[in-house]
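A short write-up of the structure that comes next.
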Amino acid sequence: MSSTSTKPPAGTRDFLPDEVRRREHVIRIVRQVYERYGFEPLETPAFENIETLLGKYGEEGNRLIFKILKRGEHETSGEADLALRYDLTVPLARVVAQYQNELPRFWKRYQIQPVWRADRPARGRFREFYQCDIDAIGSTSPAVEADVIGAVCDVLGQLGFEGFSLRLNHRLVLSGLLDAAGVPPPQHSEALVALDKLDKISAGGVRAEFVTRGIDGAAAERCLASFEVGQAERPDDTLRRLRSALGEQDAAVGNLQSIVTLAAHTAAAGRIRIDPSLARGLSYYTGAIMEIAVPDLAGSLGGGGRYDNLVGMFLGRDVPACGFSLGLERIIVVMTERGMFPAKVGGAAVDVMVTMWNEDSRAEGLALAAELRRDGLRVDLYPEADKLGKQLKYAAGRSTPFVAILGDDERAKGMVSIKDMRSGDQHTVARGEAAEHIRSRRQ
RNA sequence: GUGGGCGUAGUUCAGUGGCAGAACGCCUGACUGUGGCUCAGGAGGUCGCGGGUUCGAUACCCGUCGCCCACCCCA
């Protein structure tokens, strides 16, 4: 007996059939919507050269990259030359730089693949998880943000989500407000960590955070005044206040205004909430930043933003880009808890199971199964000549809706008995009519 | 990385310093051609792991590992 643990490593999961069906249901809808918006599929390797990833995500991100040691005789050095991909955005930037001459001037791609982070697992947080990314390359137009936001909201709507909102902010609004409040640039990141908690611990809590982080009291008050937003506040009202704080001609506020105005004509209509306290940790964002949160979950369902100089880090020449990432498992966590999956997703593996009467009936059982499959049914053949009751119990345990009983009596007459396991009804029909009999009662 | 909770049958969980329990599930039979309902019987446990206290530890103490929750961060 082996003493090796049979559990998968912490933060990873095995997906049993029911779970795979749920995942594929979500992925199918995500892909369908993304393609409807003109995004094209891309896949990249699970691992990258380590220099590709280092220095792109900020200090925390660097720390969470899964590194791969050099192989062979170099292994003892402890040096890493490869790393598992941390997100899908940086590999995309590498691809854009590598194939610049083969890709269209404006390129929209989607990518649904696993990523890995050396993080501590928690509810809705894994060390291996799937991201569903869309990114639009090549344009600085706010129409790109509106398009991306619209696609993401469309996906959630198609999946059955209601009442979610999209928090929107801008990197330059963030720094502008901190400057205006008198927070010196070296303290910006400290202040942002505190402000990011505004929706969780209220103004009083943030005020205390500021004190412990050594930020000037007067500056802290000015921050709170400009960052706090009423729950139901409309984007236009928030933008008006931002203009009064940063100036009527502020470019970042104007950009947000354009995005809001344009997105009103997409599936994101009515979903956008301007939130000046939204920060986001990834360091490559340069413009608009956004995030989708739901009350059920501590973290977000997804996040994204504009990153106009990430491609330039590979290419030496900046290429504008904007994208969004949905977290597959977080969507599934919420959908499972709210019972949002259609009943058919958790349904039976097969439409009909053919029983095995005795050793003499095996060949005919296989032949019957083949006939039914030719008619498009999903068919299982019970593999052993157990008692009929045991075979029926097995079928019932798997929620199989029909059982085809091929006993000696039926075989002698070229018939088969079809039992509907849901109603208990049973009819003996000619072999050739079995498939149609089942199909017409299948629903 | 920080704080808290929980680890007992396949599953969900009781339990007590002195023989290891229930429900559900599973297996067998009543029912040699029929699942669900009923009844009778049965299998299944290193009480997470290691150490300590004790005549005796599943229980109390320490450590460790795992899982869950909150924080941090994020998808």
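Order of the sequence lines fixes the chain letters, A, B, ..., with proteins taken first and strands second; residue numbering starts at 1 for each chain. Here the structure is a predicted model, which means the values were calculated and not measured. Hydrogens, waters and symmetry mates are skipped; everything else that's a heavy atom, side chains included, is used.
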**Message:** Applying a 4.0 Å non-hydrogen cut-off, can you work out what A:Gln426 is touching in the nucleic acid: base, sugar-phosphate, or nothing?
**Reply:** base
**Message:** Would you say that A:Tyr382 contacts A:Lys390 through its side chain, given a criterion of any heavy-atom pair below 4.5 Å between the two side chains?
**Reply:** yes
**Prompt:** Contact class for A:Arg422 vs. all strands (heavy atom < 4.0 Å): base, sugar-phosphate, or nothing?
**Reply:** base
**Message:** Does B:G33 have OP1 or OP2 under 4.0 Å away from a side-chain N or O of A:Lys419?
**Reply:** no
**Prompt:** How far, in whole Å, is B:U12 from B:G17 if one measures between their C1' atoms?
**Reply:** 27 Å
**Prompt:** Are side-chain heavy atoms of A:Leu64 and A:Tyr57 found at a separation under 4.5 Å?
**Reply:** no
**Message:** Contact between A:Phe66 and A:Arg117 at the side-chain level, heavy atoms closer than 4.5 Å - yes or no?
**Reply:** no
**Request:** Rounded off to whole Å, could you give me the CD1-to-P distance for the A:Ile405 and B:G35 pair?
**Result:** 10 Å
**Asked** Nearest to the side chain of A:Arg125 - B:C27, B:C74, B:U34?
**Response** B:C74
**Request:** For B:G48 and B:U54, measure between their P atoms and round to the nearest Å.
**Result:** 23 Å
**Message:** Categorize A:Leu328 for me: base, sugar-phosphate, or nothing, with a 4.0 angstrom heavy-atom threshold over every strand shown.
**Reply:** nothing
**Message:** What's A:Glu410 touching, base or sugar-phosphate or nothing? Going by heavy atoms closer than 4.0 Å.
**Reply:** base
**Rounded distance (Å) that lies between atom C1' of B:C65 and atom CZ of A:Arg120** = 13 Å
**Message:** For B:U28 and A:Lys390 - does any side-chain N or O of the residue sit under 4.0 Å from the phosphate oxygens OP1/OP2?
**Reply:** yes
**Request:** Test for a donor-acceptor pair under 3.5 Å between the base of B:C74 and the side chain of A:Arg117, counting only N and O atoms.
**Result:** no
**Prompt:** Considering only the P atoms, how many Å lie between B:G15 and B:C71, rounded to the nearest integer?
**Reply:** 30 Å
**Asked** With a 4.0 Å cut-off on heavy atoms, is A:Gly61 in touch with a base, just the backbone sugar-phosphate, or nothing at all?
**Response** nothing
**Stacked pair A:Tyr130-B:A75, distance under 5.5 Å, angle under 30°** = no
**Prompt:** Reckon A:Tyr394 touches a base, only the sugar-phosphate, or nothing at all at heavy-atom distances under 4.0 Å?
**Reply:** nothing
**Message:** Categorize A:Gly397 for me: base, sugar-phosphate, or nothing, with a 4.0 angstrom heavy-atom threshold over every strand shown.
**Reply:** nothing
**Message:** Between B:A43 and B:C6, how far apart are the two P atoms, rounded to whole Å?
**Reply:** 34 Å
**Prompt:** When the distance from CD of A:Gln131 to C1' of B:C74 is rounded to whole Å, what number comes out?
**Reply:** 10 Å
**Request:** Check every strand shown and say whether A:Asp87 touches a base, only sugar-phosphate, or nothing at a heavy-atom separation below 4.0 Å.
**Result:** nothing
**Fill in**
Assert: residue with more 5' nearest nucleotide on RNA chain B, out of A:Pro9 and A:Gly424, is A:Gly424
**Request:** Take atom CZ of A:Phe47 as the centre, draw a 6.0 Å sphere, and report whether it contains more than 12 heavy atoms from other residues, nucleotides or ligands.
**Result:** no
**Request:** Please state how far atom OH in A:Tyr382 lies from atom C1' in B:G33, giving the value in whole angstrom units.
**Result:** 15 Å
**Message:** For the CD atom on A:Glu51, are there more than 12 heavy atoms of other groups (residues, nucleotides or ligands in this structure) within a distance under 6.0 Å?
**Reply:** yes
**Prompt:** Yes or no on side-chain contact (heavy atoms from CB on, under 4.5 Å) for A:Arg378 and A:Val352, after CA distance, side-chain angles and deciding distance?
**Reply:** CA-CA 7 Å; A:Arg378 299 173 299 164; A:Val352 54; over 6 Å; no
